[in-house]
Asks: 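I am attaching a structure below and will ask some questions about it afterwards.
Whatever order the structure lists them in is the order used to number ligands and atoms, beginning at 1. Numbers here simply count residues along the sequence, with the first being 1.
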Amino acid sequence: MTMSVADYARECAAQGLRGDYSVCRADFTVEQSYNYTADEQAVWRTLCDRQTKLTKKLAHRSYLDGVATLGLLDKIPDFGVVSEKLRKLTGWEIVAVPGLIPAPAFFVHLANRRFPVTNWLRTKQELDYIVEPDMFHDFFGHVPALTQPVFADFMQMYGEKAEHLIALGGDEMISRLYWYTVEYGLIQEAGQPLKAFGAGLMSSFAELQFAIESKDAHHVPFDLETVMRTSYEIDKFQRAYFVLPSFDVLRDAFQNVAEMAAIIGRHKGKPPLDPAKH
Ligand SMILES: C[C@H](O)[C@H](O)[C@H]1CNc2nc(N)[nH]c(=O)c2N1
Ligand SMILES: N[C@@H](Cc1ccccc1)C(=O)O
Ligand SMILES: [Fe+2]
């Protein structure tokens, strides 16, 4: 691991991130500490109700199948209970973290079938969009698809390959690929309408509608090398959304790590491409 918890805590505080990193273990996990207020439970219910109406219409099947398997979302999840269910379905579990954690530590969790979920929730002033991942994003956005065996295996493989590619200097490029697919990817299968795939869209009332329905959303066909070279910002709507022709195209990219390693070799350290200019 490249960074100590103490150094990372200082960096996050300087950036105004909300998590309390003082209580982190070396792998950046904490206790969930299930003691949410009635107000927080009400925010959770509102978020789920509003967002479920949208995802039914705009989310890709892989996500909706996951929601059906995971079951009711009527109160803030107890991570222990959910982990027990996930372990039976796909061998995954969820672990609590204080918020964003460094990419290398994040990918080590994925490689071990542990998904990091933030232990605090956005406020009712942030129902539509929040600039850093909170529990609603991490849980509502990511966890449903982890009940689906194909996606569950893909996420573990992502973690494993990422460790290797980071060692080659690909930290930024492998994070961009994650960003523009797992977080903000769209899918349009042959003859089908455009659907949202990424978890950052599933958890945002405002950006999910923007990405799929707005004329101002910029849709770009998925291309591995272009994606790995394109910069992103976490605190605004994306300037470009990459459209996968199928989930298999993303999975297949990982079957050929030599190709990814070559892309890293060609572009590491170079200035990134601007998403607005694709
Ligand atoms: C892969 C990429 O760096 C990505 O932003 C990672 C980093 N750290 C994270 N940390 C948390 N808690 N949740 C996330 O989704 C991520 N994503
Ligand atoms: N913008 C997302 C949260 C998020 C922030 C940063 C990274 C990923 C997701 C939301 O509103 O739900
Ligand atoms: Fe995420």
Side-chain angles (χ1 to χ4, degrees), residues 1-3 5 8-9 11-12 15-21 24-25 27-30 32 43-44 46-48 50-51 54-55 59 63 79 94-111 114-146 151 155 158-163 165-166 170-185 196-211 227-228 230-238 241 272:
M1 228 160 275
T2 51
M3 205 187 295
V5 170
Y8 190 72
E11 216 172 83
C12 289
Q15 287 173 30
L17 295 180
R18 223 172 294 181
D20 176 9
Y21 294 85
C24 269
R25 307 180 185 101
D27 67 355
F28 290 91
T29 62
V30 293
Q32 180 187 13
V43 167
W44 178 266
T46 305
L47 285 165
C48 288
R50 292 181 353 142
Q51 204 64 10
L54 277 188
T55 52
Y63 175 83
F79 294 0
I94 56 181
V95 291
V97 291
L100 272 177
I101 66 174
F106 180 76
F107 288 127
V108 169
H109 283 299
L110 298 191
R114 292 190 297 266
F115 196 81
V117 178
T118 301
N119 66 353
W120 55 265
L121 188 60
R122 70 187 71 188
T123 65
K124 58 176 176 293
Q125 284 73 40
E126 298 162 310
L127 291 180
D128 289 353
Y129 182 87
I130 180 170
V131 301
E132 55 177 317
D134 70 327
M135 189 197 310
F136 185 67
H137 164 70
D138 288 332
F139 191 88
F140 189 93
H142 290 281
V143 174
L146 292 172
F151 187 80
M155 289 291 274
Y158 203 117
E160 285 167 353
K161 305 266 160 111
E163 287 179 63
L165 296 166
I166 287 172
D171 180 329
E172 283 183 312
M173 278 181 263
I174 200 70
S175 294
R176 290 178 195 142
L177 178 62
Y178 188 88
W179 188 263
Y180 282 116
T181 59
V182 177
E183 294 290 1
Y184 288 94
F197 176 73
L201 297 173
M202 299 313 171
S203 64
S204 172
F205 189 74
E207 193 167 2
L208 176 55
Q209 297 173 84
F210 174 79
V227 171
M228 290 175 72
T230 303
S231 64
Y232 63 85
E233 290 172 294
I234 82 162
D235 58 353
K236 331 186 148 42
F237 285 7
Q238 298 305 300
Y241 300 94

Asks: With respect to atom 16 (C) of ligand 1, which of Phe106, Phe107, Phe28 exhibits the smallest heavy-atom separation?
Replies: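 Answer by nearest heavy atom: Phe106.
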Asks: Roughly how far apart are Cys12 SG and Ile101 CD1, rounded to 0.5 Å?
Replies: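 It is 10.5 Å, given to the nearest 0.5 Å.
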Asks: Could you identify the single nearest non-hydrogen protein atom to atom 7 (C) of ligand 1 and state the distance to 0.1 Å?
Replies: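 Minimum-distance protein heavy atom for atom 7 (C) of ligand 1 reads Ile101 O, 3.4 Å.
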Asks: Going by the order shown, which atoms of ligand 2 are within less than 4.0 Å of some heavy atom of Pro133?
Replies: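 The list of qualifying atoms is 5 (C), 6 (C).
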Asks: Show me which atoms of ligand 2 lie under 4.0 Å from any heavy atom of Val131.
Replies: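 Those of ligand 2 that fall under 4.0 Å from Val131 are 5 (C), 6 (C).
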Asks: On the six-membered ring of Phe205, is Arg50 placed so that its NZ or CZ lies under 6.0 angstrom from the centre and within 45° of the ring axis?
Replies: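 Relative to the ring axis of Phe205, which defines the angle, Arg50 lies inside both limits.
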Asks: Can you tell me the protein heavy atom closest to atom 5 (O) of ligand 1 and the distance?
Replies: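 Ranking protein heavy atoms by distance from atom 5 (O) of ligand 1, first comes Tyr232 OH, 4.3 Å.
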Asks: At a 4.0 Å threshold, what atoms of ligand 1 neighbour a non-hydrogen atom of Leu100?
Replies: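 It comes down to these atoms of ligand 1: 8 (N), 9 (C), 10 (N), 11 (C), 12 (N), 16 (C).
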Asks: Determine, using heavy atoms of Glu183 and all atoms of ligand 1, whether some pair is separated by less than 4.0 Å.
Replies: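 Under 4.0 Å: yes for Glu183.
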Asks: For atom 4 (C) of ligand 2, which candidate among Tyr184, Phe140, Tyr129 holds the nearest heavy atom?
Replies: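 Nearest option to atom 4 (C) of ligand 2, by heavy atoms: Tyr184.
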Asks: Determine, step by step, whether Arg18 and Glu126 satisfy the salt bridge (Lys or Arg N to Asp or Glu O under 4.0 Å) criterion, reporting the C-alpha distance in whole Å, the side-chain angles of both residues, the deciding distance to 0.1 Å, and the verdict.
Replies: CA-CA 14 Å; Arg18 223 172 294 181; Glu126 298 162 310; 2.7 Å; yes
Asks: Are any of the N/O atoms on Arg122, whether in the backbone or the side chain, positioned under 3.5 angstrom from an N/O atom of ligand 2?
Replies: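 The answer is yes, given that Arg122 and ligand 2 share an N or O pair closer than 3.5 Å.
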Asks: Determine whether the side chain, the backbone, both or neither of Asp235 has a heavy atom under 4.0 Å from any heavy atom of ligand 2.
Replies: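 No part of Asp235 comes within reach of ligand 2.
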Asks: Do Thr118 and His137 have side chains that approach each other closer than 4.5 Å (heavy atoms only, starting at C-beta)?
Replies: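 No, every pair of side-chain atoms sits at 4.5 Å or beyond.
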Asks: Taking only heavy atoms of Ala103, which atoms of ligand 1 are found under 4.0 Å from at least one of them?
Replies: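 Counting atoms of ligand 1 from 1, those under 4.0 Å from Ala103 are 3 (O).
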Asks: Would you please indicate yes or no on a ring centroid separation below 6.0 angstrom for Tyr241 and Tyr180?
Replies: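 Not close enough - the centres of the two rings lie 6.0 Å or further apart.
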Asks: What protein heavy atom lies closest to atom 7 (C) of ligand 2? Include the residue and the distance to one decimal.
Replies: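 For atom 7 (C) of ligand 2, the nearest protein heavy atom comes out as Trp179 CH2, 3.5 Å.
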Asks: For atom 2 (C) of ligand 2, grab the closest protein heavy atom and report residue, atom and distance to one decimal in Å.
Replies: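 Here the nearest protein heavy atom works out to Ile130 O, 3.5 Å.
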Asks: For atom 12 (O) of ligand 2, what's the nearest protein heavy atom and its distance?
Replies: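 Minimum-distance protein heavy atom for atom 12 (O) of ligand 2 reads Ser203 OG, 2.6 Å.
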Asks: Let me check your reading of the structure: within less than 2.8 Å of the Fe ion (ligand 3), is there an N/O/S atom from Asp138?
Replies: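 False for Asp138.
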Asks: Measure the distance from atom 4 (C) of ligand 1 to every protein heavy atom, then report the residue, atom name and distance (to 0.1 Å) of the closest one.
Replies: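 Its nearest protein heavy-atom neighbour is Tyr178 CD2, 4.2 Å.
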Asks: Are Arg122 and Leu47 close enough that some pair of their side-chain heavy atoms sits under 4.5 Å apart?
Replies: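 Yes. Closest side-chain heavy atoms under 4.5 Å.
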Asks: Select the closest option to atom 12 (N) of ligand 1 among Pro116, Pro133, Gly99, judged by heavy-atom distance.
Replies: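 Nearest heavy atom to atom 12 (N) of ligand 1 lies in Gly99.
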Asks: Just to check, does Leu100 reach to within less than 4.0 Å of ligand 2 when the distance is taken from its heavy atoms?
Replies: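 Leu100 does not count as a contact of ligand 2 under the 4.0 Å cut-off.
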Asks: Would you confirm whether the ring centroid of Phe28 sits within less than 6.0 angstrom of the ring centroid of Tyr8?
Replies: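 Judged by ring-centre distance (under 6.0 Å), Tyr8 and Phe28 do meet the cut-off.
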Asks: Of the backbone atoms (N, CA, C, O) and the side-chain heavy atoms from C-beta on, which set of Val97 has a member under 4.0 Å from an atom of ligand 1: side chain, backbone, both, or neither?
Replies: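 The answer is the side chain of Val97.
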Asks: Counting non-hydrogen protein atoms only, what is the nearest one to atom 3 (O) of ligand 1? Give residue, atom name and distance.
Replies: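 Residue, atom and distance for the closest contact: Ser175 OG, 3.1 Å.
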